[in-house]
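Comments concern the structure below.
Just so we're on the same page: letters track the sequence lines, and every chain starts at 1. These numbers come from a predicted model, not from an experiment.
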Protein chains: 2
Amino acid sequence: MKLDALNVKILKCLQQNARMSNAEIGRQVGITSPAVSERIKKMEDLGIIEEYKAIVSPFELGYQLKAIITLRAFMGKLKPFLDKVKTYDEVVNCYRITGDENIVMEVVLKNHKHLEVFIDQLISYGETKTQIVLSRVVKQKGIKPI
Amino acid sequence: MKLDALNVKILKCLQQNARMSNAEIGRQVGITSPAVSERIKKMEDLGIIEEYKAIVSPFELGYQLKAIITLRAFMGKLKPFLDKVKTYDEVVNCYRITGDENIVMEVVLKNHKHLEVFIDQLISYGETKTQIVLSRVVKQKGIKPI
DNA sequence: AATGAAATTGTATAAAT
DNA sequence: ATTTATACAATTTCATT
């Protein structure tokens, strides 16, 4: 029993509001709170639920710019970059990808000057391409089980 | 009083574990749980905290592939696409961006066949470029207040 | 804006089905 | 694997500072 209909409903609740109480989830899915608690614990242990995060507004925290930056690493510079990128506070998300570019990053920045300074840090690792985010079309969505 | 040292600490807790109890947060930051509760409520009302989400493993839900897909919309096709993209379950994140491409999407897919079918849906809206995600270098990180 | 106290609600554990 | 019962803990509300 990994992902029956009940667990799917529980996941849906937690993806909508991770701070919902077990009791409230129980009411919505039709079981008691100890049962909810056990199912959640099991899904955490199995790695189905990875973590619970508060999503904080970058703008409200003082970051006026968001950008998607891709990096095409120079010969021998990819590994050093993979170590370095973990230390950048600006990088909120980073994937290694196939294709001409090796890396795609989601970056938050205070202003254009901050962007300039940040890009300057990258040039020793490779060629970058920067795309400024104009708007969020789809809000980070919960993943639907198949 | 929007983001004093206490609120910054509270945000840090909630970004690490959104299901942490108010009492536990209070212990960590040195105030009582009603005070925590009130501060959190205020940050929610001000839009500093946008939402609380369980992060669920796409792989465990049956999605073996993740891709970054950019779209360069055809003349007059951007607006129709912006409406349509909200309906795609595969798209977990989507930004409108500056540059040659208009859109960048983070997409989860069952397999290569699913990817093929998905890309086929996009061709009426514009030219696409697909980059398969090999690994996550930086896990979705909490944003640090300035 | 924070605390302390009281009432309500939620959680954890164990026993039973 | 879920429920019920129970003890413990957390939350909410409100009066107080």
Side-chain angles (χ1 to χ4, degrees), chain A residues 1-63 139-140 142-146, chain B residues 1-63 139-140 142-146:
Chain A
M1 199 278 305
K2 264 169 67 170
L3 270 181
D4 58 2
L6 273 176
N7 276 355
V8 169
K9 282 187 200 165
I10 292 170
L11 283 182
K12 204 174 164 187
C13 288
L14 289 172
Q15 289 189 120
Q16 274 171 21
N17 174 15
R19 277 177 82 76
M20 194 181 289
S21 72
N22 294 344
E24 176 59 27
I25 295 170
R27 265 174 240 121
Q28 296 199 12
V29 310
I31 54 177
T32 57
S33 67
V36 172
S37 173
E38 214 173 283
R39 278 169 171 268
I40 289 177
K41 194 177 176 332
K42 214 162 270 175
M43 288 194 282
E44 289 168 355
D45 292 344
L46 288 169
I48 295 171
I49 299 173
E50 294 182 349
E51 50 183 340
Y52 305 99
K53 288 184 68 68
I55 308 298
V56 174
S57 162
F59 188 82
E60 293 292 334
L61 290 201
Y63 295 93
K139 251 203 171 175
Q140 202 145 4
I143 298 173
K144 258 199 184 166
I146 294 174
Chain B
M1 198 278 307
K2 261 169 69 168
L3 271 181
D4 58 2
L6 273 175
N7 277 355
V8 168
K9 282 186 200 168
I10 292 171
L11 283 182
K12 206 175 162 185
C13 288
L14 289 172
Q15 288 189 117
Q16 273 169 23
N17 174 16
R19 276 178 81 77
M20 193 182 289
S21 72
N22 294 343
E24 176 59 28
I25 295 170
R27 265 173 240 123
Q28 295 198 14
V29 311
I31 54 176
T32 57
S33 65
V36 173
S37 173
E38 211 173 288
R39 279 169 171 267
I40 289 178
K41 194 177 176 337
K42 213 162 270 176
M43 288 194 282
E44 290 168 354
D45 292 344
L46 288 170
I48 295 172
I49 299 174
E50 293 182 348
E51 50 182 342
Y52 304 100
K53 288 184 67 69
I55 308 298
V56 174
S57 163
F59 188 82
E60 293 293 334
L61 290 200
Y63 295 93
K139 252 202 170 172
Q140 201 144 6
I143 299 172
K144 258 198 185 166
I146 294 174

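B:Q140 and A:Q140 share a donor-acceptor pair across their side chains, judged by distance under 3.5 Å alone.
Of the candidates D:dT3, C:dT9, D:dT11, the closest approach to any side-chain atom of A:R27 belongs to C:dT9. Of the listed nucleotides (D:dA1, D:dT11, C:dT11), D:dA1 has the atom at the smallest distance from the side chain of A:R39. Counting only heavy atoms from C-beta on, A:L6 has its side chain closest to D:dT2 among C:dT3, D:dT11, D:dT2. Among the nucleotides D:dT11, D:dT4, D:dA1, the one closest to any side-chain atom of A:T32 is D:dT4. With C:dA12, D:dA1, D:dA10 as the candidates, the nucleotide lying closest to the side chain of A:P34 is C:dA12. Taking the side chain of A:E38 as heavy atoms from C-beta on, and the options C:dT11, D:dT11, D:dT2, the nearest nucleotide is D:dT2.
Under a 3.5 Å cut-off, the side chain of A:Q15 and the backbone N or O of A:I143 do form a donor-acceptor pair. Remark: the backbone N or O of B:K144 is paired with a side-chain donor or acceptor of A:Y63 at under 3.5 angstrom. Proximity of a side-chain donor or acceptor of A:R19 to a complementary backbone N or O of B:A18 within less than 3.5 Å is detected.
Taking five base pairs at each end of the helix from C:dA1-D:dT17 to C:dT17-D:dA1, the local helix axes there meet at an angle of 30°, rounded to 10°.
Spacing between atom CE of B:M43 and atom P of C:dA1 amounts to 12 Å, rounded to whole angstrom units. Across the protein-nucleic acid pair, B:I25 atom CD1 and D:dA9 atom P stand 19 Å apart, rounded to whole Å.
The side chain of A:K41 places no N or O atom within less than 4.0 Å of a non-bridging phosphate oxygen (OP1 or OP2) of C:dA12.
Counting any heavy atom pair closer than 4.0 Å across all strands shown, A:R19 reaches no nucleic acid atom. Counting any heavy atom pair closer than 4.0 Å across all strands shown, A:S37 reaches sugar-phosphate atoms only and no base atom.
For the salt bridge (charged side-chain N to carboxylate O under 4.0 Å, His left out) with A:D4, the qualifying choice from A:K9, A:R39, A:K42 is A:R39, the only one to do so.
Classification of B:E44 and B:K41 as a salt-bridged pair fails, no side-chain N sitting under 4.0 Å from a carboxylate O.
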